[in-house]
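Structure record follows, encoded as structure tokens.
Because only heavy atoms are used, hydrogens play no part in the values below, and waters and symmetry mates are left out as well, while side chains stay in.
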Amino acid sequence: MDETHDIPPAPDFNPSRAKAAQDLSVPSILMLVMAGLTFLYLLVSMVTPTSSAQLENFFDNPDMPQQWKDIVTWMLSPMGRVVTTAPGLVLNGLVAFGGWKMKNLQSYGWAMTAAILCCIPCCGPCSCLSLVPGIWSLIVLNRPDVKAAFH
């Protein structure tokens with residue numbers, strides 16, 4: 001009696017797709033880790049109070065314009081923290097989402113978006129450290145065989 005009739009057929013193995021996935025594996029994992037760490041850092045910094053000792057020097061400085069003191073006071077308020085932290089949370093969320101899509105070879109557009117955001121130091125995760133996986137990803141993503149693996 002043949003017992004193999006219940007086993008589904010093996011999916012077609014594409015060696016070029018496997019090579020592309022292997023080449024993108026490390027930079028995509030680095031992007032995911034950096035985006036996750038930066039996301040957590042931003043969440044913690046949003047709820048952590050600022051040291052009053054640090055602010056005393058700033059607010060006691062007579063050369064500091066009152067306008068700057070007002071801006072800093074607003075930025076340290078709960079609403080100011082949310083407003084200043086939200087763009088970083090969104091951008092790091094996009095990097096993580098694009099890195100996940102890149103790792104799974106699911107969306108070339110999201111993978112490119114994540115790689116480009118990683119190359120912008122003020123937008124990407126972990127500032128200048130994200131240049132390494134960002135540039136690495138861009139180089140690999142622009143290869144014709146890797147582009148074809150996404151389709």
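- Under the 4.5 Å side-chain criterion, counting only non-hydrogen atoms from C-beta, K147 is not in contact with L141.
- When the side chain to side chain donor-acceptor pair (under 3.5 Å) test is applied to K103, no partner is found at least two apart in sequence or on another chain.
- For I135 against C119, the heavy-atom pair with the smallest separation is N-SG, 3.6 Å.
- Residues in residues 62-83 take part in no salt bridge (charged side-chain N to carboxylate O under 4.0 Å, His left out) pair, two or more places apart or across chains.
- With sequence neighbours excluded, the residues satisfying side chain to side chain contact (heavy atoms under 4.5 Å, CB included) with S16 are N14.
- Between the side chain of S25 and the main chain of A21, no donor-acceptor pair closer than 3.5 Å is present.
- Scanning all heavy atoms of the two residues, the minimum distance from G99 to A114 falls at N-CB, 3.8 Å.
- Residue V47 belongs to no hydrophobic cluster, having no ILVMFWY side-chain heavy atom closer than 4.5 Å to its own.
- For the salt bridge (charged side-chain N to carboxylate O under 4.0 Å, His left out) condition, no pair includes a residue of residues 82-97, sequence neighbours left out.
- Through side-chain heavy atoms spaced under 4.5 Å, either directly or across other Ile, Leu, Val, Met, Phe, Trp or Tyr residues, I71 is tied to W74, M75, M79, V83.
- Looking at residues two or more places apart in sequence or on another chain, you find a ring-ring contact (aromatic ring centres under 6.0 Å, His included) between F150 and Y108.
- The hydrophobic cluster containing L32 also includes W100, under a criterion of side-chain heavy atoms closer than 4.5 Å among ILVMFWY residues, counted directly or through chains of members.
- Counting only residues at least two apart or in different chains, salt bridge (charged side-chain N to carboxylate O under 4.0 Å, His left out) contacts with residues 14-25 comprise K19-D23, D23-R143.
- Applying the ring pair (Phe, Tyr, Trp, His ring centres under 6.0 Å) test to residues at least two apart or on different chains, none of the pairs has a partner in residues 19-39.
- Screening Q106, M102, K101 for a side chain to side chain contact (heavy atoms under 4.5 Å, CB included) with N104, the sole residue that qualifies is Q106.
- The ring-ring contact (aromatic ring centres under 6.0 Å, His included) check on F97 picks up W110, with sequence neighbours excluded.
- For the side chain to side chain donor-acceptor pair (under 3.5 Å) test, no residue two or more places apart in sequence or in another chain qualifies with S45.
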